[in-house]
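Reading through the structure tokens given below for one structure.
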Amino acid sequence: MTDPHWLFGDQLGPHFLTPGDDGPARDAPVVMIEARSVFRRRRFHRAKAHLILSAMRHRAAELGDRVHYVRAETYREGLREAVGDAPVTVHHPTSRAALRLVRSLDRVRVLPTPAFLLPHDAFRVWADGRDGRRLRQEDFYRWVRRELGLLMDGDTPAGGRWNHDHANREPPPKGARTLGAPAPYRPREDDIDAEVRADLDRWEQHDGIRFVGRDGPRRFPASRREARAALRRFTEHRLAGFGPHEDAMLAADPVMSHSLLSSSLNLGLLDPAETVAAAEDAWRSGHAPVHSAEGFVRQIAGWREYVWHLYWYFGEDYRHRNALRHHAPLPDWFTGLDADAVTARCLATALAQVRDTGWTHHIPRLMLLGSHALQRGWEPEAVTDWFHRCFVDGYDWVMLPNVVGMSQYADGGRTTTKPYTSAGAYIHRMSDLCDGCAYRPGDRTGARACPFTTGYWSFVHRHRAVLAGNPRTTRAVQGLDRLRDLDEVLRTERERGAGPP
């Protein structure tokens, strides 16, 4: 008898059932387990819970009689119900906790994951060749491009440059409320979504499971068909405008030209290889400029691939890194996504986007939400957990390197060359979020002092010794020394305390 194959809820694409030495048998029965304990342990965003359950149930419907779909309290109980003591195969899970689980179970054989472009061993060879120290994303990205032949013309990068950031950092068009980009793909809910929503209501009312955020109409693909349609929509109609303004923010246009494909990739509905190939095809066929194609490919083959491998390479202790010794707890207004309590328009806008959709693009994540947490000295492990729970595309492997390494600089520069934070001037330059705000981005003191400006200078002051020794941040310390009102700036920041800015 063929061993059954166990699919986790982020292994939902056809490539997870490709038969072969690294896959299940062609006629292998499939097991899927919906474990309520996952939602009991953490207070997830309700839209995230909805998306995961909807995607799992859509996949089960596609597989029909081939799948044994179990709803249980725990994975152990579900697997026992599905296969008893029979052996099973499973692709390498995406979290350390899940890997510990499957390795603790008798007769479970772990297969390599098809969800990423490179195997762990290839990354380890690359990283060990640098003594595991200066593992910069840009170096990794160029190596991946060469290894896989992505966006290459022979030995030369497409367009003659490895990195087209110079063309991809434009502020939003002056006076524009939106970019005017073609709308992204939007799925239509069906009976499965209605069933999921009813189950989530029941869990909240009777099972003691709590969520955060709002569960409006589902905005992200929950099936392979929907994910493929979203990819086509992006590459054919939106990719061309993606590059120039990928770092910009507009209050009335939270999506801009972003792909909205991260959740589909992280659920396994899309294969990263097909995704970057679609972007390259769009460039080669003349449907998108090279700088937009390169910017998108870098997000997947560069950053996504990079953080996946760092998650496993650094080990479990990386989770507890706290180089800046930040220990302040996250306040209730932040954990509860209470955007209405926030006066600062930029932060209120980003927090409302998370509350309403479980998503913002990478700049609000890094330069608003993450930057505010860094300036306030919040505990990095708690910040990591918040991003994991509150974003539809958030998983442990995603958020641990992104938050500990990049956003909160808690690894002391092992992956990035400087802390990513700024005063209000950056936000004003790259967005329209300062327009109509109660605060002024240039004010450091007084009633209208921008929280990001006072927060920035307070951060530089607090970590002066660390920043003075870093060539990329010495100018910040020099700027601090020129402030004649530093004492008043620090007093302004202290008086605001931990309350919403």
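Residue indices begin at 1 and follow the sequence shown.
Two rings, from Tyr456 and Tyr426, have their centers 6.0 Å or more apart. In this structure, the ring of His45 has its center no less than 6.0 angstrom from the ring center of Phe211. Ring-centre distance between Trp378 and His327: not below the 6.0 Å cut-off.
The number of heavy-atom neighbours closer than 6.0 Å to CG of Asp332, taken from other residues, nucleotides and ligands shown, is 12 or below. Heavy-atom neighbours of Arg210 CZ from other residues, nucleotides or ligands within 6.0 Å: at or below the threshold of 12. Surrounding CG of Asp191 are at most 12 heavy atoms belonging to other residues, nucleotides or ligands under 6.0 Å away. Annotation for Arg66: atom CZ counts as buried by contact number, over 12 foreign heavy atoms lying within 6.0 Å.
The minimum heavy-atom distance between Gly78 and Val70, with the atom names listed, is CA-CG1, 3.8 Å. Considering all non-hydrogen atoms of both residues, Pro501 and Tyr439 come closest at C-OH, 3.4 Å. Looking at every heavy atom in both residues, Val354 comes nearest to Cys390 through CG1-O, 3.6 Å. Closest of all the heavy-atom pairs between Thr235 and Ala279 is CG2-N, 4.2 Å. The minimum heavy-atom distance between Thr74 and Ala35, with the atom names listed, is C-CB, 3.9 Å. Nearest heavy-atom pair, Pro87 versus Asp3, reported as atom, atom and distance to 0.1 Å: CG-OD1, 3.4 Å.
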Q) After noting the C-alpha distance and the side-chain angles of Asp411 and Thr415, does the key distance pass the side chain to side chain donor-acceptor pair (under 3.5 Å) rule? A) CA-CA 8 Å; Asp411 68 358; Thr415 57; 3.2 Å; yes

Q. After noting the C-alpha distance and the side-chain angles of Phe140 and Phe123, does the key distance pass the ring pair (Phe, Tyr, Trp, His ring centres under 6.0 Å) rule?
A. CA-CA 9 Å; Phe140 171 76; Phe123 180 85; 5.5 Å; yes

Q. Salt bridge (Lys or Arg N to Asp or Glu O under 4.0 Å) between Arg319 and Asp385: does it pass, once the steps are laid out?
A. CA-CA 10 Å; Arg319 181 184 309 279; Asp385 179 69; over 6 Å; no

Q | Worked verdict on Ser54 versus His58 for side chain to side chain donor-acceptor pair (under 3.5 Å) | A | CA-CA 6 Å; Ser54 179; His58 275 92; 3.2 Å; yes

**Q.** Trp359 vs Phe391, ring pair (Phe, Tyr, Trp, His ring centres under 6.0 Å): CA-CA, chis, key distance, verdict
**A.** CA-CA 5 Å; Trp359 182 91; Phe391 282 80; 8.5 Å; no

**Q.** Evaluation steps, ring pair (Phe, Tyr, Trp, His ring centres under 6.0 Å), between Phe296 and Phe234
**A.** CA-CA 11 Å; Phe296 179 69; Phe234 173 68; 4.8 Å; yes

Q) Could you go step by step and tell me if His245 and Asn168 meet the side chain to side chain donor-acceptor pair (under 3.5 Å) rule? A) CA-CA 6 Å; His245 300 108; Asn168 291 350; over 6 Å; no

Q | Worked check of salt bridge (Lys or Arg N to Asp or Glu O under 4.0 Å) between Arg225 and Glu62 | A | CA-CA 11 Å; Arg225 179 190 61 79; Glu62 292 168 357; over 6 Å; no

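Arg202 has a carboxylate O that lies under 4.0 Å from a charged side-chain N of Asp199, or vice versa, which qualifies the two as a salt bridge. Between Arg321 and Glu379 there is no salt bridge, since no side-chain nitrogen of the basic residue lies less than 4.0 Å from a carboxylate oxygen of the acidic one. A salt bridge does not link Asp253 with Arg177: every distance from a Lys NZ or Arg NE/NH1/NH2 to an Asp or Glu carboxylate oxygen is 4.0 Å or more. Between Arg36 and Glu204 no salt bridge is recorded (no basic side-chain N to carboxylate O distance below 4.0 Å). Look at Asp215 and Arg197 and you find a salt bridge, because one of the NZ, NE, NH1 or NH2 atoms lies within 4.0 Å of a carboxylate O, short of that distance. Ion pairing between Arg218 and Glu226 holds under the 4.0 Å rule for side-chain N and carboxylate O. Taking a cutoff of 4.0 Å between a charged side-chain nitrogen and a carboxylate oxygen, Arg80 and Glu77 do not qualify as a salt bridge. Under the 4.0 Å criterion applied to side-chain N and carboxylate O atoms, Asp340 and Arg355 are assigned as salt-bridge partners. The pair Glu73-Arg40 meets the salt-bridge criterion, since a charged nitrogen lies less than 4.0 angstrom from a carboxylate oxygen. Taking the charged nitrogens against the carboxylate oxygens, Asp393 and Arg365 do have a contact shorter than 4.0 Å, which makes a salt bridge. Taking 4.0 Å as the cut-off between side-chain N and carboxylate O, Arg376 and Glu493 count as a salt-bridged pair.
No hydrogens or angles considered: a donor-acceptor pair under 3.5 Å links the side chains of Ser104 and Arg76. Counting only N and O atoms by type, the side chains of Thr94 and Asp10 include a donor and acceptor under 3.5 Å apart. Side-chain N/O atoms of Thr113 and His91 include no donor and acceptor closer than 3.5 Å.
Between the His50 side chain and the Pro217 main chain, no donor and acceptor come within less than 3.5 Å of each other. Arg42 contributes no side-chain N or O that, together with a main-chain N or O of Arg389, makes up a donor-acceptor pair within less than 3.5 Å. Panel note: side chain Glu495, backbone Thr492; no donor-acceptor pair is recorded below 3.5 Å. With hydrogens and angles disregarded, a donor-acceptor distance shorter than 3.5 Å links the side chain of His361 to the backbone of Ile363. Gln11 places no side-chain N or O within donor-acceptor distance of the main-chain N or O of Leu267, the cut-off being under 3.5 Å. For His92 (side chain) and Leu111 (main-chain N/O), no donor-acceptor pair under 3.5 Å exists by modelled atom type.
Here Thr453 contributes atom OG1 and Gln375 contributes atom CD; the two are 8.5 Å apart, rounded to the nearest 0.5 Å. Once rounded to the nearest 0.5 Å, the distance linking NE2 of His428 with CG of Leu433 reads 11.0 Å. Separating the SG atom in Cys346 from the CG atom in Leu368 is a distance of 5.0 Å, to the nearest 0.5 Å. The distance from the CG atom of Leu269 to the CZ atom of Arg59 is 9.0 Å, given to the nearest 0.5 Å. With rounding to the nearest 0.5 Å, the separation of CG in Asn266 from CZ in Phe220 is 11.5 Å. A distance of 8.0 Å separates CG of Leu270 from NE2 of His15, quoted to the nearest 0.5 Å.
Judged by a 6.0 Å distance limit and a 45° cone about the ring axis, Arg100 is not positioned over the six-membered ring of Tyr75. Taking the ring centre of Tyr395 as origin, the terminal cationic atom of Lys48 falls inside the region bounded by 6.0 Å and 45° from the ring axis. Judged by a 6.0 Å distance limit and a 45° cone about the ring axis, Arg228 is not positioned over the six-membered ring of Tyr185.
Here the options are Tyr313, Tyr311, Trp312, Trp308, the test is ring-ring contact (aromatic ring centres under 6.0 Å, His included), and the partner is Trp397; only Trp308 passes. If you run salt bridge (Lys or Arg N to Asp or Glu O under 4.0 Å) between Asp356 and each of Arg214, Arg219, Arg46, only Arg214 comes through. The side-chain contact (heavy atoms from CB on, under 4.5 Å) with Phe452 is formed by just one residue from the set Cys434, Ser371, Ser422; it is Ser371.
The aromatic rings of Phe459 and His326 lie perpendicular to each other, with more than 60° between the two planes, well past the 30° mark.
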